[in-house]
Novice: 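Questions regarding the structure given below will be posed in turn.
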Amino acid sequence: MAQQDGPERVRQQQEHLTSTTEKGPFCTARCTCGWRGPARRARSQARTDAEAHTASA
């Protein structure tokens with residue numbers, strides 16, 4: 001079986017790369033470690049959640 005460079009490999013390296021995704025009127029912050037923030041109506045608040053996660057990691 002071939003080795004894949006998916007999320008599991010990132011978890012092992014403890015790298016935290018965050019992004020935001022939108023679904024309808026809500027925006028959610030996500031991280032490559034598997035963390036997911038709450039759904040927010042304000043994009044700025046989702047970005048703040050991501051920054052707080054990265055700082056605490």
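None of the values given here were measured: they were computed from a predicted structure.
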Novice: Run the numbers on Arg43 and Thr20 for side chain to side chain contact (heavy atoms under 4.5 Å, CB included), then give the verdict.
Specialist: CA-CA 8 Å; Arg43 287 185 200 104; Thr20 57; over 6 Å; no
Novice: Side chains of Thr28 and Lys23: does their closest heavy-atom pair fall under 4.5 Å?
Specialist: no
Novice: Please report the C-alpha distance between Glu51 and Thr54 in whole Å, then the side-chain angles of each, then the deciding distance to 0.1 Å, and finally whether the side chain to side chain contact (heavy atoms under 4.5 Å, CB included) criterion is met.
Specialist: CA-CA 5 Å; Glu51 289 171 10; Thr54 304; 5.8 Å; no
Novice: How long is the gap from CZ on Arg36 to SG on Cys33, to the nearest 0.5 Å?
Specialist: 13.0 Å
Novice: Any side-chain heavy atom of Pro38 sitting closer than 4.5 Å to one from Asp49?
Specialist: yes
Novice: Determine the minimum heavy-atom distance between Ala29 and Ala46, stating which atoms define it.
Specialist: CB-O, 3.3 Å
Novice: Indicate yes or no: at least one non-hydrogen side-chain atom of Arg40 is less than 4.5 angstrom from one of Phe26.
Specialist: no
Novice: Name the orientation class of the two ring planes belonging to His53 and His16 (parallel below 30°, tilted from 30 to 60°, perpendicular beyond 60°).
Specialist: perpendicular
Novice: Looking only at atom types and distance, does a side-chain atom of Thr32 sit under 3.5 Å from a main-chain N or O of Leu17, one as donor and one as acceptor?
Specialist: yes
